[in-house]
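Data first, discussion second: the structure below is written as structure tokens.
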Amino acid sequence: MLTVENLKNIKGKVVVVRVDFNVPQADGKIRDDNRVRAALPTIKKLVSEGARVVLFSHLGKVKHKEEPGVVAKQKAKNNLAIVAPRLGELLGQEVKFLPETRGEAYVKAVKALKDGEVLLVQNTRYEKGEEKNDPELAKEWASVADAYVMDAFGSAHRAHASTYGIPEILKKEGKPVACGYLVEKEIANLMRCVDVKKEDRPYVAILGGLKVSDKIKVIDSLLKKCDKILIGGAMAYTFKKAMGFETGLSPVEDDQLDYARNCLKEAKGKIVLPVDSVVTDAFEGWTKKEVVGDNVPAGFQGMDIGPKTEVLFANEIAKAKMVFWNGPMGVFEQKDFQSGTIAICKAVAGLKGAFSVCGGGDSAAAIKEFGYKESFSHVSTGGGASLEMIENDGHLPGVDILK
Ligand code: ADP
Ligand code: MG
């Protein structure tokens, strides 16, 4: 696979770059510009070579099946124009913004670029054909490009027009397609969790968060790769119920009970579940909070792993040479249920010479909030993409098409 580092002779050439500028917003402002910063090395490299840089990204969701009024509102909320000035500041040069996504305006704006200039195109999801990988749309986008660089790791698990259609066309035309620095780094780090070396064992995976159904495939893959899987968060209660324990009002996916039972059988002791929980009488506005053992009593729900489980999990992590973590251990958005997630952070921070990766939007936000980002070898910028990479044995459509 070609990387942006070894793209040659791009002076004066139009290089289309798919970046991930899907930034969190609040009151029409960028709340966290991490994703914009993460794309800088690739953009700077192309600018320094004198390329004419055309940036594509999605922002939020635009559901084209909704009523026109709703779609218009979603578009207004997810207008990528807010990113252009911020990117300009960070790059130290003007970033042009194109409010359109295709047509004559697009071709004209690209043709008007001079060497080393940067153009940001409006949110790719303004186009209905983006998520369907519409060939006409991809063709139009590719028509002005001399090369393509993929640097949106967070979108690499999706075969959309901007992540898959464009490079597919350019490849057929014999034009270079490459990955950017961010994607290169993500792949290098995550591949270590996919192709497990002997010296990286014991390999301990920690899974948490909300939905078992979302993470089913990854449990299957992890069972094949890991030595231990620690399961916390809301997910754990589906497993506890499958084992015959009481789960009270805890979130349980009843249609996944058979799957959970089967998992536990296949796991042959690899899966470690909580032995206690912090429970409350309601999710919000609760009045009673206590620590219980294996069973969650009627009228209560599990909100975090309990203190004994914190020790149990920390002891497993302490033995690890490699850790992969996805999903918080509790409802960390509420102060009273942060302890389990912080315990995992501390256990990882205490490791010496081990390799540790955290993937997942909420988990990454949690470790950042609690001040443990530096304790991890790698914090992935892609939630779904990092999970899918493990699920699919290292394969992602947006990366495979570059090969
Ligand atoms: P990630 O984004 O890291 O992949 P998920 O999106 O799967 O993680 O899950 C994160 C959410 O899971 C958080 O909003 C957290 O509040 C929730 N969660 C964790 N434990 C529980 C629980 N016991 N009950 C309800 N929600 C929980
Ligand atoms: Mg999430």
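Residues: numbered from 1 along the sequence shown. Only this structure's heavy atoms are used, side chains among them; waters, hydrogens and symmetry mates stay out. All ligand and atom numbering here is 1-based and tracks the order in the structure.
- Using a 30° and 60° split on the angle between ring planes, Phe332 and Phe370 fall in the perpendicular class, above 60°.
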Would Glu168 and Lys171 count as a salt bridge (Lys or Arg N to Asp or Glu O under 4.0 Å) if you check the C-alpha gap in whole Å, the side-chain angles of each, and the deciding distance to 0.1 Å? CA-CA 5 Å; Glu168 192 181 30; Lys171 249 168 75 171; over 6 Å; no
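- Ring planes of Trp286 and Phe337: perpendicular class, angle over 60° (limits at 30 and 60°).
- Ion pairing between Lys241 and Asp254 holds under the 4.0 Å rule for side-chain N and carboxylate O.
- Within 4.0 Å of ligand 1, protein heavy atoms come from Gly209, Leu210, Lys215, Gly233, Ala234, Tyr237, Pro251, Phe283, Gly302, Met303, Asn326, Gly327, Pro328, Gly330, Val331, Glu333, Gly360, Gly361, Asp362, Ser363.
- Comment: Asp33 engages Arg86 in a salt bridge, judged by a side-chain N to carboxylate O separation of less than 4.0 angstrom.
- Under the salt bridge (charged side-chain N to carboxylate O under 4.0 Å, His left out) rule, Glu130 has a single partner from Arg102, Arg18, Lys61, Arg158, which is Arg18.
- Between Asp393 and Lys225 a salt bridge is recorded (basic side-chain N to carboxylate O distance below 4.0 Å).
- The number of protein N/O/S atoms found under 2.8 Å from the Mg ion (ligand 2) is 1.
- Ion pair Asp227/Lys270 not flagged as a salt bridge, since none of the NZ, NE, NH1 or NH2 atoms sits closer than 4.0 Å to an Asp/Glu carboxylate oxygen.
- Here Lys211 does not pair with Glu253 in a salt bridge; the nearest charged N to carboxylate O distance is not below 4.0 Å.
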